[in-house]
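Okay, structure first, notes after.
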Protein chains: 2
Amino acid sequence: MNDYTTILREHNLKATPQRLEMTNALFMNGHVTIERLYELMLKKFSSISLATIYKNINLMLEASFIEEVKLPNAKSVYELTKETHSHLLCSKCDKVQDIVLNLTDVTRRASNAANFNISKTDLVLSGLCENCS
Amino acid sequence: MNDYTTILREHNLKATPQRLEMTNALFMNGHVTIERLYELMLKKFSSISLATIYKNINLMLEASFIEEVKLPNAKSVYELTKETHSHLLCSKCDKVQDIVLNLTDVTRRASNAANFNISKTDLVLSGLCENCS
DNA sequence: AACTTAAAGGATAATTATTATCTTTTAATA
DNA sequence: TATTAAAAGATAATAATTATCCTTTAAGTT
Ligand SMILES: [Mn+2]
Ligand SMILES: [Mn+2]
Ligand SMILES: [Zn+2]
Ligand SMILES: [Zn+2]
């Protein structure tokens, strides 16, 4: 019984082999699209249904066990929930990278300027990665 | 001949009544989803095809005449291109607001930390707007 | 270890979102 | 006014996502 068995059960999700492999695929591959995840899953479960992927993605999203990252000009990617972070997207090689940034100053300024109570920030910085520039 | 006639032509797009009304709808309504834009257009062009909306949205995106804003847990909205800005999204009433924020400090920090050449930032701050909090 | 059962998986139909195709209409230019 | 490439509208095709239904199974219970 690995880590994710417990976490899945804590969210009232049965720890099925398919789900454990999904979490493993996400852990190993980082940010993945639905179709990439389906490909990865097919390697281990040759007859898994795409519907199973979608159903589990949605259940795991509801449980905040995973998160969706919406990217400009690209399909959404999914990842295991971790520390709050921002994303770097390379517009040449499409690589997505995590970056932990302190955004308190920005959110404070926004909050003050617009009388807004900010609870979440989604930031994607696009450009060229180390390799591509 | 209003402003947008010229701008459309500068992008090699014919200034059709449908396109002028699309730009007008975007100008008047700010951030709109595809389906909302379709509803708005139907008021003026009762037999406009949804395909026309999609085709024009895509052409206008290519021409950078409009921009898509991807929002967490919501459908994308579209708006006329204006000064670079960030967005505030109210998680209660779903209102989307523009906010001009200086992000040079954040992008500089990210750029240095990850050796990344940043050319664009997409920031959505979610929370409660003035009315809802 | 076998029994029970709600939950989950797989197959596939249905729905929704978006794009492609084709014919008719029209904006722009001469 | 005539010409023509582009755009509109109708609708078919495709892609993405969800729903349904039947079978299998994880996780408790005896
Ligand atoms: Mn991430
Ligand atoms: Mn905006
Ligand atoms: Zn790159
Ligand atoms: Zn609000």
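In what follows, chains carry the letters A, B, and so on, assigned in the order in which the sequence lines appear, proteins first and then strands, with residues in each chain numbered from 1. No hydrogens, no waters, no symmetry mates; every other heavy atom, side chains included, goes into these values.
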For residues B/Tyr38 and B/Ile53, report the shortest heavy-atom separation together with the two atoms involved. CD1-CG1, 3.9 Å

Between [N] ([atom2]) and [X] ([atom1]): distance, integer Å:
X	N	atom1	atom2	answer
B/Arg19	C/dT26	CZ	P	15 Å
A/Leu8	C/dA7	CG	P	16 Å
A/Met41	C/dA8	CE	C1'	13 Å
B/His11	D/dA6	NE2	P	17 Å
B/Met60	D/dA6	CE	P	17 Å
B/Tyr38	D/dA8	OH	P	14 Å

Summarise protein proximity over nucleotides 11-18 of chain C in one line of letters, 5' to 3': B for base, S for sugar-phosphate only, - for none, counting protein heavy atoms closer than 4.0 Å. BB----SB

Would you mind reporting whether [Y] and [X] have side-chain heavy atoms less than 4.5 Å apart?
X	Y	answer
B/Leu37	B/Met22	yes
A/Val96	A/Val124	no
A/Ile118	B/Leu88	yes
A/Glu79	A/Asp98	yes

Does D/dA8 have OP1 or OP2 under 4.0 Å away from a side-chain N or O of B/Asn56? yes

Go through A/Gln97 and A/Glu130 one step at a time and tell me if the side-chain contact (heavy atoms from CB on, under 4.5 Å) criterion holds. CA-CA 11 Å; A/Gln97 240 181 283; A/Glu130 192 160 10; over 6 Å; no

For the residue pair A/His31 and A/His87, categorise the inter-ring angle as parallel (less than 30°), tilted (30 to 60°) or perpendicular (more than 60°). perpendicular

N/O to N/O distances under 3.5 Å, protein versus nucleotides 25-30 of chain D:
| residue | atom | partner | partner atom | Å |
| --- | --- | --- | --- | --- |
| D/dA26 | N3 | A/Lys14 | NZ | 3.3 |
| D/dA27 | OP1 | A/Arg9 | NE | 2.9 |
| D/dA27 | OP1 | A/Arg9 | NH2 | 3.3 |
| D/dA27 | OP1 | A/Ala15 | N | 2.9 |
| D/dA27 | OP2 | A/Arg9 | NH2 | 2.6 |

Might you work through the side-chain contact (heavy atoms from CB on, under 4.5 Å) test for B/Cys132 and B/Leu128, ending with a clear yes or no? CA-CA 6 Å; B/Cys132 291; B/Leu128 293 175; 4.2 Å; yes

